Asker: 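So that we are looking at the same thing, I have put the structure below in structure tokens.
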Amino acid sequence: MTPAQPTPRTLLPLTPVGGAARRHGSRSFATCHYRCGSACDMPVPNTTGNGHVQDEIAKVVGRRRVLQGAALVGAAGAFGGLVASPVAAAEGGGAAAARAAAAARTTQDLGTTPFRPVAPNTVDAVRTAPGFTHDVVIRWGDAVLRGAPKFDARNQSPAAAERQFGYNCDYVGLIPTTGDKALLVVNHEYTNEELMFPADTYTDDEIKLISMRNHGMSVVTVKRGLVPGSWRQVKNLRRAPQNRRIHIETAFALTGPAAGDDRLKTSADPSGRRVFGTLNNCAGSTTPWGTVLSGEENFNQYFDGVPDPSLATEYARYGIAGGEGRGWSGVDPRFGLGNEPNEPHRFGWVVEVDPTDPTSTPMKHTMLGRFKHEGADVVIARSGQAVAYMGDDERGDYLYKFVSSGTFTPGTGRRAKRANMRLLTEGTLYVARLTGDGTGDGEYDGTGAWIPLCTDTESFVEGMTVAEVLVFTRLAADAVGPTRMDRPEDVEHNPVNGKVYAALTNNTQRGTRFPVDEANPVSGNRNGYVLELTPARGNHAVARFTWNLLLVCGDPASAETYFGGFPKDDVSPISCPDNVTFDDRGNLWVSTDGNALGSNDGIFRVPVEGPERGKVQQFLTVPRGSEACGPLIADGNRSLFFAVQHPGEDDGSTFETPFSTWPHTNDFPRPSVCVAFQAR
Ligand code: FEO
Ligand code: CA
Ligand code: CA
């Protein structure tokens, strides 16, 4: 491009509200602004009264019971315990996988090695538990594709960004390829323009075009390092032919019943089946068939202009307010609501990418509904059906589940993968209703039902077609009385005990805008919960479950906190759980976003069975201003991959005067993916 005249960064104003020094959690105004377009300052999209009636009709139910028939499914697969194999990831699959996992374990086992927890701190560094260390695997701007120029923050361009590692890494997946290599698959959720661009260097249009290309995903070839558990990027890109950047110009195919619907058509795409780009990709998962799912989360903030009044209800429910937005319509008219009122409907989906084929067309699956998808996690039910658990990350929004019509095709061949990649296009979409059993038993627990919204051919919501249910899923769910939750983030199944764990990050309006109930018991919930769901009969495909809060997070000295019954004087403080994952022992690992207790964010290990159930221990902390994302335990419990997202993000923090310079390779911060492992 030929910039006419460099201009100062004219970014959106950061507007303090009510004079408060901080927002929800410990988040800065900068975080709210860049992450979600200051969603908290907008009207709460869920204006229904859903969510407390069921507690008034609380029933006493049977106590939580140990799940039958889902024990000991190891997460080590055919690749030396690198990641879950398709079979091991399936219910009831796993004696052989468990044996393989046991064989792969070493003294470096992150699932069993005792460690002294990291103390809360505010240092500008990654700090791991003593005896462990970490490496930075790849940073914002590092070359992903051949031809990428050496990164220079003062000489960025859209063309370079399309070939370099994007900004604000979030989800991290690892797909085995051959030998000691694997594909690291990473989301790039959003951009912090104040921290990315020096002042008086770029035009506004350049900033927009470069930022757009720093969103999306990266596929990066990595290789085991010399120290067990360590990994590094394959820097010779000739040896990394599967590397890929997915960004705003990448074509996606819409699948499922809403593909081709009028609401998804634009002037550039009269078919309603082809979308360019994916936005605000937050969490994700690796499917049992080896692809990656990624959730499009706060997509609403990217559209500017004047909203079409005929879509006022639909836009309001998704927080699509227009106005200045990020001003992207200035460089791409489709981001102007007045130009393309349907363009926002083409975001807010779960996308599926086959990282092993860089020429493949990624998909957006309409059958999984449209909302602010944190991510989606697939487990194969004993019937062979694929079940995807999902959270809608908004105050007062819902938990969802999808159950496929088709069944999983075992095998690792191309034909099996092709068949399995159709599983998320036909099935039934559900939303969750939780009923408390009363707090007289001393526990926050009860029963739950998955309420069907539609199949691929039939709607269960009066007055809405299948396509309407899928494109306006929030409105459809409102009509069937689900439970309004405190920002459902990651929802993932534990491959060892068969239960499902949901991070409910916080909701300062609980107790005011949203009534307290047994599933959301803390008024002004600043520190969040981890919810544990047990599918009825150990079957993920059925519509009933029981639930309990595993963690009520916060300062253990605070009376409201709860740690699965573990003594509170022997746990780490934890605040704002966001992403969850599991090691092959079935321990829960939690990353946090927005620590409201004054410390940097971090990653925690939490046993969920046995005498140490609920023993929360902080394994690492991340640098100033950042959140910890995408924890992934890999390589036979030897490696913990994680993303350091938005280091230095804080009010007043800029490229010239950053709040962090981590990873300290430059005079400004660079979001990066790291791997932690036992020190030699
Ligand atoms: Fe992108 Fe729900 O955090
Ligand atoms: Ca109870
Ligand atoms: Ca998240």
Side-chain angles (χ1 to χ4, degrees), residues 24-25 27 31-32 34-37 39-40 54-55 58-64 167-172 186-192 215 278-285 294-301 319 348 371-377 390-395 397 399 434-448 485-492 502-507 516-521 528 531-532 546-550 552 562 565 576-581 590-594 601 603 622 626-631 642-646 649 671:
H24 50 76
R27 276 293 162 240
T31 294
C32 297
Y34 288 111
R35 167 92 52 83
C36 57
C40 294
Q54 50 268 34
D55 288 298
K59 292 177 277 183
V60 176
V61 295
R63 305 300 308 154
R64 185 178 59 237
Y167 206 75
N168 273 348
C169 32
D170 197 313
Y171 170 75
V172 179
V186 181
N187 284 348
H188 302 295
E189 186 178 18
Y190 68 105
T191 47
N192 293 80
H215 286 68
T278 183
L279 286 172
N280 217 265
N281 299 70
C282 193
S285 70
S294 166
E296 296 184 325
E297 197 189 39
N298 292 299
F299 65 92
N300 57 308
Q301 63 181 294
F371 41 91
K372 291 187 180 178
H373 277 285
E374 172 75 14
D377 171 59
M390 302 176 281
D392 182 354
D393 183 6
E394 185 94 57
R395 291 170 297 169
D397 261 295
L399 291 163
L434 281 69
T435 302
D437 72 352
T439 52
D441 59 1
E443 286 203 47
Y444 300 118
D445 59 352
T447 55
M485 307 298 288
D486 286 353
R487 293 188 55 204
E489 301 243 33
D490 247 357
V491 190
E492 303 220 359
L504 302 162
T505 205
N506 58 39
N507 181 357
V516 164
D517 58 31
E518 193 169 344
N520 301 278
L531 177 74
E532 186 173 57
T546 55
W547 64 267
N548 56 276
L549 292 184
L550 171 69
V552 177
Y562 176 74
C576 301
D578 187 338
N579 300 124
V580 296
T581 193
V590 182
S591 65
T592 65
D593 171 19
D601 279 310
I603 297 178
V622 289
S626 66
E627 71 173 275
C629 293
F642 61 100
V644 174
Q645 196 188 55
H646 58 75
E649 183 179 79

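Keep in mind that what you see is a predicted model, and the values were worked out from it rather than measured. Nothing fancy with the numbering, it's 1 onward along the sequence. Whatever order the structure lists ligands and atoms in, that order sets their numbers, starting from 1.
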Asker: I'd like the atom name of the N/O/S atom in Asp445 lying closest to the Ca ion (ligand 2).
Answerer: OD1
Asker: Side chains of Ser294 and Asn281: is there a donor and an acceptor less than 3.5 Å apart?
Answerer: yes
Asker: Would His646 and Glu627 count as having a side-chain donor-acceptor pair, cut-off 3.5 Å?
Answerer: yes
Asker: Indicate if the distance from atom 2 (Fe) of ligand 1 to the nearest N, O or S atom of Glu297 falls below 2.8 Å.
Answerer: yes
Asker: Only N/O/S atoms count here: what is the atom of Glu443 closest to the Ca ion (ligand 2) called?
Answerer: O
Asker: Looking only at N, O or S atoms, which one in Glu189 sits nearest to atom 1 (Fe) of ligand 1?
Answerer: OE2
Asker: Report the C-alpha distance between Glu394 and Lys372 in whole Å, list the side-chain angles of each, state the deciding distance to 0.1 Å, and finish with yes or no for salt bridge (Lys or Arg N to Asp or Glu O under 4.0 Å).
Answerer: CA-CA 7 Å; Glu394 185 94 57; Lys372 291 187 180 178; 2.8 Å; yes
Asker: Quick one: the OD1 of Asp437, the Ca ion (ligand 2), OE2 of Glu518 angle, rounded to 10°, please.
Answerer: 90°
Asker: Can you tell me if Asp578 has an N, O or S atom under 2.8 Å away from atom 2 (Fe) of ligand 1?
Answerer: no
Asker: State whether a side-chain donor-acceptor pair under 3.5 Å links Thr592 with Asp601.
Answerer: yes
Asker: Distance-only, no hydrogens or angles: does the Asp517 side chain make a donor-acceptor pair with backbone N or O of Ala519 under 3.5 Å?
Answerer: yes
Asker: Give the name of the N/O/S atom in Asp393 that lies closest to atom 2 (Fe) of ligand 1.
Answerer: OD2
Asker: Distance alone, cut at 3.5 Å: any donor-acceptor contact between the side chains of Asn548 and Glu532?
Answerer: yes
Asker: Go through the side-chain N and O atoms of Asn192 and Glu649 and say whether any donor and acceptor fall under 3.5 Å apart.
Answerer: yes
Asker: What's the OE1-atom 2 (Fe) of ligand 1-OE1 angle here (Glu374, Glu489), rounded to 10 degrees?
Answerer: 70°
Asker: Quick check: does Gly438 put an N/O/S atom under 3.0 Å from the Ca ion (ligand 2)?
Answerer: yes
Asker: Of all N, O or S atoms in Asp441, which has the smallest distance to the Ca ion (ligand 2)?
Answerer: OD1
